[in-house]
Amino acid sequence: MKAVHSDDHRSHDPKFFLVRGQVKAAADQPERADRLLAGLKAGGHRVVAPQGHGQGARARVHSPDYLAFMAEAWEAWEALPDHGPEMIANVHPVREAATYPTHIVGRLGWHTVDTACPIGPGTFAAACAATDVAASAAQLVLDGEDAAYALCRPPGHHAYRDRAGGHCYFNNSAVAAAALRQRHARVAVLDVDVHHGNGTQGIFYRDPSVLTVSLHADPRGFYPFVWGFSHERGEGEGIGANLNLPLPLGTGDDAYLDVLEGVATRTVQAFAPTALVVALGLDASEHDPLAGLAITTEGFRRIGAALAGFRLPTVLVQEGGYLSDLLGQNLTAVLAGFESVR
């Protein structure tokens, strides 16, 4: 399987991460990509550079005002006389009966869900590079590859049409799905990250042509806390095209695979897509610092095999998976599991 990666991700190096009232080091560090690249090397995967896809790929899933904000944000922030080293909102307005702000501080709050998405001088460039990676992996599949892996950093599945959140700025998995939709009438997005893919859900919530399925730690006690519940099934024409499968904290291999190979697989098969996007979070690992689920390296191999079992053209898009000694090994395992079936 070919892998797509851009070293431009290094321009995004956030420092601020607020956890239960304490400021800690950001979880999404550039070293993540180094460990994932080591995992690709161990698996013998060829790594290729992305093609440039411009704003067009992002504009399929993000709003014009949000794209403009992201492009202009740092320059406007830097022009403030007393600005800090990163853009972190101090207001997240309730939008009902609200007026779109013109001041950069107001726009920052309008376009961010939480404080876990600080914007620095290189964030926009890195986020754009990540969407190029996702779109290029999708293009490989459209051009005939059976599957392709997109090493995206920063991740994307918490990013809404017009809001960043949870380390995510542009929704890479949604970008890949929208690219596949140019040729496929029905596409499924299957999210195996430890966190609910709330941004992806939001982008496609009214879209009957894209099925979104997410297996994740129960949001009653885990981020994002207010999305990811089983009653969220879509709206309008998209009713029935969203499925959330919250799992008890600490769920391990066998229980996880029961759900993935059971209701998740049946739902995807019933939708009858002709292409698949996997939002590949490796933070379900038993050793991940965010500690929501307890998947072993062997468990990731089994997950990869289950994903290959759909026998669909597949784009695997890197989402979460944070610094642990097994991060690269877990990527090697999931891709090896996938290729053992294909």
Side-chain angles (χ1 to χ4, degrees), residues 56-67 95-96 111 113 131 134-135 138 141-142 155-166 168-193 195-216 218-219 223-247 259-260 262-281 307 310 312-317 319:
R58 294 182 283 276
R60 294 190 188 116
V61 298
H62 291 293
S63 67
D65 59 347
Y66 181 60
L67 292 173
R95 295 188 177 192
E96 284 75 13
H111 289 300
V113 170
T131 61
V141 171
L142 289 171
H157 72 150
H158 296 307
Y160 285 87
R161 183 172 181 268
D162 62 352
R163 284 171 288 175
C168 301
Y169 303 88
F170 295 136
N171 195 308
N172 307 310
S173 290
V175 165
L180 294 173
R181 274 283 291 116
Q182 303 307 296
R183 200 173 300 169
H184 293 270
R186 296 165 78 83
V187 174
V189 180
L190 179 52
D191 193 320
V192 297
D193 192 277
H195 303 100
H196 174 241
N198 54 306
T200 314
Q201 171 179 297
I203 287 170
F204 296 117
Y205 209 50
R206 292 179 171 270
D207 188 342
S209 68
V210 178
L211 172 71
T212 47
V213 178
S214 181
L215 289 77
H216 50 268
D218 193 332
Y223 185 91
F225 297 105
V226 296
W227 298 289
F229 295 90
S230 58
H231 66 266
E232 299 161 14
R233 298 306 309 276
E235 289 181 348
E237 293 182 351
I239 288 178
N242 186 80
L243 177 65
N244 290 326
L245 298 167
L247 303 170
V259 176
L260 176 58
V263 63
T265 293
R266 292 194 300 270
T267 300
V268 172
Q269 291 173 336
F271 185 73
T274 54
L276 175 68
V277 173
V278 176
L280 183 61
L307 296 170
F310 291 109
L312 291 170
T314 302
V315 181
L316 298 102
V317 178
E319 294 290 353

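For the numbers below, each heavy atom of this structure counts, side chains included, while hydrogens, waters and symmetry mates do not.
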Check your understanding: Does the side chain of R181 come within less than 4.5 Å of R60's, by heavy atoms?
Key -> no
Check your understanding: Considering only heavy atoms from C-beta outward, does the side chain of D65 approach that of H111 to under 4.5 Å?
Key -> yes
Check your understanding: Is there a side-chain contact between F310 and V268, using heavy atoms and a 4.5 Å cut-off?
Key -> yes
**Study point:** Near-ring test W227/Y160, centroid separation under 6.0 angstrom
**Key:** yes
Exercise for review: Can you measure from NE2 (H196) to CG (L245) and round to the nearest 0.5 angstrom?
Suggested key: 9.5 Å
Practice item. With the side chain counted from C-beta on, respond yes when V141 and T314 share a heavy-atom pair under 4.5 Å apart, and no when they do not. Key: no
Exercise for review: Quick one: do L67 and F170 satisfy side-chain contact (heavy atoms from CB on, under 4.5 Å)? Show the steps, please.
Suggested key: CA-CA 9 Å; L67 292 173; F170 295 136; 3.7 Å; yes
Point to revise | Min side-chain heavy-atom separation F229-P246 under 4.5 Å | key: no
Practice item. Give me the ring orientation class for Y66 and H62: parallel if the planes are under 30° apart, tilted from 30 to 60°, perpendicular past 60°. Key: tilted
Point to revise | Within residues 264-281 or reaching into it, pairs that qualify as side chain to side chain donor-acceptor pair (under 3.5 Å) - sequence neighbours excluded | key: H184-T274
Check your understanding: If you round to the nearest 0.5 Å, how far is OH of Y205 from OG1 of T200?
Key -> 13.5 Å
Revision key, fill the gap. Exactly one of N171, N172, T131 clears side-chain hydrogen bond (donor to acceptor under 3.5 Å, both in side chains) with R58, and that residue is T131
Check your understanding: Are any non-hydrogen side-chain atoms of L307 and L190 less than 4.5 angstrom apart?
Key -> yes
**Study point:** Side chain proximity check, T212 to D191, heavy atoms < 4.5 angstrom
**Key:** no
Check your understanding: With sequence neighbours excluded, what pairs up with E237 under the salt bridge (charged side-chain N to carboxylate O under 4.0 Å, His left out) test?
Key -> none
Review point. Do Q201 and N244 come within less than 4.5 Å of each other through their side chains, counting heavy atoms only?
Key: yes
Exercise for review: Return the orientation label for the H195 and H158 ring planes: parallel under 30°, perpendicular over 60°, tilted otherwise.
Suggested key: perpendicular
**Study point:** Spacing of D193 atom CG and S214 atom OG [to the nearest 0.5 Å]
**Key:** 7.5 Å
Point to revise | salt bridge (charged side-chain N to carboxylate O under 4.0 Å, His left out) partners of D162, counting only residues at least two apart | key: R95
Check your understanding: Distance-only, no hydrogens or angles: does the N242 side chain make a donor-acceptor pair with backbone N or O of E232 under 3.5 Å?
Key -> yes
